[in-house]
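Worksheet: one structure, shown below.
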Amino acid sequence: MPKSRGESGEKNLIADRLRQLREERGFSQRKLAMEFQLMGLDIDRKVITRIETKQRYVTDIELCAIMKVFQISSEELLNGWEEKMQFIHTPEEEPTERERLGRRGKHQGVSLKDFPRAEDFDDVEPE
């Protein structure tokens, strides 16, 4: 199964927010990486660059470390995530042809609407 990505191929939702927090607090990428290393995480300046350019996934451990360094909540870190996740649909929403076929024109999977619901079996007698 392919890993989840944003509509434009981005690998995380926090890139812009991380850069904003880092710059507001006067942290260079190198200084932020040093803070993570003091916490025992193997993150260097190149990793910070890849996160901020949406080229790297972020683990839950790294998310917690970011919240701890900047002393913010998960809500503050993920500020605006709803707008970034508009490409994800609930089962009630019908995806467009492009969304259903994906970028390369291949079918990305089936919809939950393709599966029978429990009420479809109400009239079936057990054997």
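Quick caveat, the model's predicted, so the values are computed rather than measured. Residue numbers count from 1 along this sequence.
For Glu24, the side-chain contact (heavy atoms from CB on, under 4.5 Å) criterion is met by Gln20, Leu21, not counting sequence neighbours. For Ser28, the side-chain contact (heavy atoms from CB on, under 4.5 Å) partners are Arg30, Lys31, not counting sequence neighbours.
Using a 4.0 Å cut-off between charged side-chain N and carboxylate O, Glu62 and Arg56 make a salt bridge. Classification of Arg22 and Glu52 as a salt-bridged pair holds, one side-chain N sitting under 4.0 Å from a carboxylate O.
Met39 and Met34 end up in different hydrophobic clusters when Ile, Leu, Val, Met, Phe, Trp and Tyr side chains are linked at under 4.5 Å.
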Do Leu18 and Leu32 pass the side-chain contact (heavy atoms from CB on, under 4.5 Å) test, and can you show the C-alpha distance, the side-chain angles, and the key distance before you say yes or no?
CA-CA 10 Å; Leu18 178 60; Leu32 181 57; 4.0 Å; yes
Dump the intermediate steps for side-chain contact (heavy atoms from CB on, under 4.5 Å) on Met67 and Ser73, then the final yes or no.
CA-CA 6 Å; Met67 291 184 291; Ser73 69; 5.7 Å; no
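Within the structure, ring-ring contact (aromatic ring centres under 6.0 Å, His included) pairs that include any residue of residues 21-46 comprise Phe27-Phe70 (at least two apart or interchain).
The closest donor-acceptor contact from the side chain of Gln71 to the backbone of Lys68 lies at 3.5 Å or more, if one exists at all. Not a single donor-acceptor pair under 3.5 Å links the side chain of Arg45 to the backbone N or O of Gln29. A donor-acceptor pair is defined here as one N or O able to donate and one able to accept, closer than 3.5 Å; such a pair exists between the side chain of Asn12 and the backbone of Ile51. Proximity of a side-chain donor or acceptor of Gln37 to a complementary backbone N or O of Ile43 within less than 3.5 Å is detected.
To the nearest 0.5 Å, atom CZ of residue Arg17 and atom CD1 of residue Ile14 are 10.5 Å apart.
Contact detail for Asp44 and Ala33: the closest heavy-atom pair is C-CB, 3.5 Å.
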